Amino acid sequence: MLGKAHSMTATAASGGEAAAVRSAKFDNLQLPEERDNSHYYGHITYHRTGNQVQLMKTFRELVISGHRKEILSIISEILPGHDQELRYLTSLIVKRDSPETTKEALLSAISLGSRPLVELILQLFVDFPHEERSGCTNCPMFAPHITPLILACILNNFAIVETLLLRGHSITVPHHANCNCESCRLVAHSNVEHLRKVDVYRAVSSEAFLWLATSDPFAAAAALATDLEQSIDDDNVEFIDVYNGLHQNVQNFALRLVEQCWKVEEVDLFLSQRSLSLLTNCQQSYPRVRMGLDASLKDFAASVPVQRACATLWYQGWGNFGSNLSRDSFRILRHVFAYPFIALLFVVTNGKVGGSFNVPLARYISYTSSYVVFLCCLVGIRSARGETSIYDRDMINPPWQALMELYTFLYVMGLLLERYLELSRRGVSNFFSLWWRWFDFMLLGLFMLAFHIWCTAIVIGFKDPEIMKKMHRRHWPFIDYFFFYDVFLATGCIFAFWKTFYFFQLVKGVGATIISIGRCVSQIYSYLFVMGIIMFSFAIGLNILSSPYLGATVRSHDGTTAESSDFFQSIPNSARHLYWAFYGYMEYTQFPLAVGNAGPEQNRASNTVVEYAIEGISMSYHAILIITLLNLMISLLVKKADEVLDNEDLEFKYTRAAIYSEFYEPSFSVPPPFNILHWIIRPIFCLASGEYELHWPEIYIRKDLIDPSKDKIEEERVNLLVMMFKRFRACRECLYKSAFRANIEKEKTEAVPAKVTFMNDT
């Protein structure tokens with residue numbers, strides 16, 4: 001049966017007149033002409049006539065009667081120039097003893113890329129209709145799991161994929177490697193199963209499948225990108241290159257998809273689509289941007305349409321920002337110095353006063369100012385104590401110092417609330433995909449631990465407050481709570497100041513450098529891990545050799561005594577000295593080995609073997625860790641830096657879109673610590689209005705966002721998707737360069753597919 005939308009056309013005589021069949025000219029079949037222009041792929045058009053059914057009937061009768069020459073004549077006129085392949089294909093077609101040969105013939109026709117030939121063979125499955133959707137069991141050319149649709153998708157043949165989809169063919173997407181559902185537990189984890197999974201992913205990652213087999217190509221691409229990332233993490237190196245290539249194909253597809261939106265209205269309509277988006281993302285103006293960021297579609301997020309749309313939303317309310325210096329300066333200074341008062345008015349009046357906090361740029365400026373105040377309070381708290389801190393256990397502080405401590409505590413609590421809500425929205429993996437979320441996690445953990453230890457120390461101090469308050473630190477226990485408080489607070493301050501890099505990421509030049517350095521950190525982590533293992537192994541060896549001589553002394557002839565070095569008295573102490581040896585703070589003369597005195601004259605004894613062994617192991621440590629491993633790490637960092645610099649612009653735009661998207665969130669309406677009051681008062685206003693419902697993690701969601709069927713412009717989005725596909729087809733047929741098509745040079749270098757490769761007009 002032919003597809004209802006697109007069909008081949010041919011003219012043929014009746015099956016009984018072989019000569020007429022051989023001389024049949026397929027005049028209405030518009031076969032492509034060879035073209036020298038490498039920028040043109042070829043667009044094939046088939047016109048429907050009344051002869052198509054007769055041709056198929058004739059072809060089937062010839063197959064049943066076994067007229068090999070007549071069959072070869074027909075398929076040779078459809079696809080000339082493939083004599084050897086067509087003769088083998090004819091031999092498969094005439095074998096009717098088993099459906100396996102017909103299935104192999106169908107797969108061979110798909111490999112040749114001819115839709116007319118595929119449609120002729122498909123109608124031969126009328127005798128065994130359920131066999132056409134499965135693969136060949138004993139075929140030397142195709143694996144058993146390769147179905148017609150999988151093969152057509154791998155070849156990215158739009159015309160054949162459409163034909164098979166209209167006949168009810170489908171692909172079952174595999175589960176993750178760590179899936180524990182009932183069906184996955186019943187499937188053996190064999191090599192064949194892994195190959196099937198890879199081929200299925202190759203099929204569903206093709207443009208033909210994403211365009212034709214999915215109702216929402218972008219949502220399907222985002223979900224597929226997430227699945228491929230999971231497969232990359234789960235893979236045991238066997239197919240990691242294949243998965244990386246497929247992931248890049250999906251990235252390119254998402255980029256090409258959004259590039260088909262040529263007008264501002266089309267971009268806005270495409271990015272504002274809420275269907276298949278998380279409910280928490282529907283509160284943003286552009287849920288599709290958030291979907292792309294969650295799926296790590298960097299090429300999509302860095303594309304021109306998305307960047308322009310995000311920039312427009314970033315200045316929303318301040319659309320003329322940059323055109324008037326005095327007005328812009330007043331806006332900035334107002335949110336730098338007066339943000340506490342404006343934020344309080346915004347929260348108390350539910351946004352009726354202080355409406356500038358609805359502008360993401362204003363939120364960013366106020367958030368930066370609030371963080372600077374937080375850092376100043378950290379410095380002020382520690383600087384105010386001075387030399388008296390050596391006795392300080394008093395919880396009674398001057399009012400101005402207590403005010404700084406209160407602001408610091410409230411800021412940390414506000415930041416904790418903000419990040420907790422973000423973690424609830426994004427999930428663990430998406431939340432920690434950005435480096436500054438790790439900084440927030442460690443910063444909050446350190447400050448919360450410091451606050452908890454401080455409270456514990458104060459409570460313990462109440463047992464004897466007058467004595468403990470003025471006790472010198474030299475009399476404190478070595479595990480005193482205030483020691484741990486100082487350690488956690490100091491480390492938290494380090495991370496707090498490091499986080500200032502987060503705000504500089506939006507600055508051109510500086511931001512790209514910060515992002516590039518951050519991408520190289522993973523290599524440093526790997527090096528530190530290897531260095532730690534090597535250092536620990538040498539520490540164990542040196543401790544084993546040195547421990548029998550600990551405490552031993554030797555007396556010289558002049559009466560002086562020397563004691564064995566305690567450098568390696570324990571494994572932690574050995575590792576500690578080896579670490580500082582990395583910076584050149586240790587040499588072999590610093591750890592003498594004292595054995596003692598022996599003999600009638602009490603001469604100095606020596607164990608030469610052990611002494612040389614300790615010295616040899618120390619030499620090996622320096623050679624392996626410092627000379628070899630350090631230089632290898634430098635070379636790896638240089639290689640990684642080259643890779644990062646090649647993608648510097650992409651990473652900068654992706655990070656900028658991610659930061660923009662953060663300040664679109666309701667949780668960023670006002671900066672900490674004022675967001676605590678905002679999340680207390682805001683739900684009361686929302687629930688009192690009757691337009692919101694309680695939904696976690698947002699607490700309140702507009703009712704019109706909960707039911708996507710109420711979207712009144714869904715028909716416009718469908719029409720836009722059709723138009724985008726037409727533009728996509730046109731740009732694939734004739735390559736041309738524009739500001740939207742950033743990958744045009746890459747597309748020119750791709751191999752030109754088979755001539756019968758795209759959709760057909762009706």
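Each residue takes its place number in the sequence, starting with 1. Computed from a prediction, not measured in an experiment: that's the story for all the values here.
- There is no side-chain donor-acceptor pair under 3.5 Å between N156 and R202.
- For the residue pair Y654 and D299, no side-chain donor N or O sits within less than 3.5 Å of a side-chain acceptor on the partner.
- Listed by chain and residue number, D127 satisfy the salt bridge (Lys or Arg N to Asp or Glu O under 4.0 Å) test with R60 (two or more places apart in sequence, or in another chain).
- Under the 4.5 Å side-chain criterion, counting only non-hydrogen atoms from C-beta, F652 is not in contact with T655.
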Exercise. Please report the C-alpha distance between F300 and F218 in whole Å, then the side-chain angles of each, then the deciding distance to 0.1 Å, and finally whether the ring pair (Phe, Tyr, Trp, His ring centres under 6.0 Å) criterion is met.
Key: CA-CA 10 Å; F300 165 80; F218 179 77; 4.6 Å; yes
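- Between F663 and Y364, the two ring planes are perpendicular [angle over 60°; tilted spans 30° to 60°].
- Taken to the nearest 0.5 Å, the CG atom of L257 stands 12.5 Å off from the CG atom of N252.
- The line from CG of L112 to CD of E85 is 6.0 Å long, rounded to the nearest 0.5 Å.
- Between the side chain of T214 and the backbone N or O of L210 there is at least one donor-acceptor pair closer than 3.5 Å.
- Between the side chain of E662 and the backbone N or O of A658 there is no donor-acceptor pair closer than 3.5 Å.
- Listed by first then second residue, pairs satisfying side chain to side chain donor-acceptor pair (under 3.5 Å) with a partner in residues 306-318 read Q307-R656, not counting sequence neighbours.
- Distance check, rounded to the nearest 0.5 Å: CD of E132 to CD of Q123 gives 11.0 Å.
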Exercise. Would you please test V242 and Y201 for side chain to side chain contact (heavy atoms under 4.5 Å, CB included) and show each step?
Key: CA-CA 10 Å; V242 178; Y201 271 125; over 6 Å; no
Quiz item: Between W262 and V267, does a side chain to side chain contact (heavy atoms under 4.5 Å, CB included) hold up when you go through it step by step?
Solution: CA-CA 7 Å; W262 293 352; V267 175; over 6 Å; no
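- To the nearest 0.5 Å, atom CG of residue L62 and atom OG1 of residue T90 are 11.5 Å apart.
- Note that CG of D646 and CD of E651 are 11.5 Å apart. Values are rounded to the nearest 0.5 Å.
- In this structure, L276 and A219 approach most closely via the heavy-atom pair CD1-CB, 3.6 Å.
- Qualifying side-chain hydrogen bond (donor to acceptor under 3.5 Å, both in side chains) partners for R87, counting only residues two or more places apart in sequence or in other chains: none.
- Among all heavy-atom pairs drawn from S206 and C153, the shortest one is CB-O, 3.0 Å.
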Quiz prompt | Intermediate values then yes/no, salt bridge (charged side-chain N to carboxylate O under 4.0 Å, His left out), E259 and R727 | solution = CA-CA 9 Å; E259 284 176 348; R727 293 170 180 169; over 6 Å; no
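- Going from atom CG of L86 over to atom CD1 of I75 covers 4.5 Å, rounded to the nearest 0.5 Å.
- No hydrogens or angles considered: nothing links the side chains of N244 and Q248 as a donor-acceptor pair under 3.5 Å.
- Considering all non-hydrogen atoms of both residues, L650 and K298 come closest at CD1-O, 3.4 Å.
- Checked by atom type and distance alone, the side chain of E119 never pairs as donor or acceptor with a backbone atom of P116 at under 3.5 Å.
- The two residues F209 and A203 have their closest heavy-atom pair at CB-O, 3.5 Å.
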Self-check item: R426 and N281: CA distance, side-chain angles, deciding distance, side chain to side chain contact (heavy atoms under 4.5 Å, CB included) verdict
Solution: CA-CA 9 Å; R426 305 275 79 85; N281 294 338; 2.3 Å; yes
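- Residues F158 and F725 meet the side-chain proximity criterion, which asks for heavy atoms closer than 4.5 Å.
- Within the 4.5 Å cutoff, the side chain of F239 has no heavy atoms near those of the S231 side chain.
- Between R115 and E162 the shortest side-chain heavy-atom distance falls below 4.5 Å.
- The aromatic rings of W211 and F728 lie tilted to each other, with the angle between the two planes from 30° to 60°.
- There is a side-chain donor-acceptor pair under 3.5 Å between S272 and R717.
- A distance-only check finds a donor-acceptor pair linking the side chain of S433 to the backbone of N430 [under 3.5 Å].
- Sorted by first and then second residue, the salt bridge (Lys or Arg N to Asp or Glu O under 4.0 Å) pairs with a member in residues 103-114 read E100-K103, K103-E131; sequence neighbours excluded.
- Considering only heavy atoms from C-beta on, R133 stays 4.5 Å or farther from P148 through its side chain.
- Taking every heavy atom of both residues into account, L151 and L107 meet most closely at CD2-O, 3.3 Å.
- A 4.5 Å side-chain heavy-atom check between S114 and I160 finds every atom pair outside the cut-off.
- At a threshold of 4.0 Å, the pair R729-E207 does not count as salt-bridged, since none of the basic side-chain nitrogens sits closer than that to a carboxylate oxygen.
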Quiz item: Between V204 and L224, is a side chain to side chain contact (heavy atoms under 4.5 Å, CB included) present by the stated rule, with each step listed?
Solution: CA-CA 8 Å; V204 299; L224 183 57; 3.8 Å; yes
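- Using a 4.5 Å heavy-atom threshold, the side chains of Y660 and L313 count as separate.
- With sequence neighbours excluded, no residue satisfies side-chain hydrogen bond (donor to acceptor under 3.5 Å, both in side chains) with Q251.
- F59 meets the ring pair (Phe, Tyr, Trp, His ring centres under 6.0 Å) test with no other residue; sequence neighbours excluded.
- With H169 as the fixed residue, the side chain to side chain contact (heavy atoms under 4.5 Å, CB included) test singles out one of T147, V161, T163, L164: L164.
- Summarising the geometry of I121 relative to A109, their closest heavy-atom pair is CD1-CB, 3.6 Å, with the distance given to 0.1 Å.
- Looking only at side-chain heavy atoms (C-beta outward), V63 and I71 come within less than 4.5 Å of each other.
- Here D216 pairs with R288 in a salt bridge; the nearest charged N to carboxylate O distance falls below 4.0 Å.
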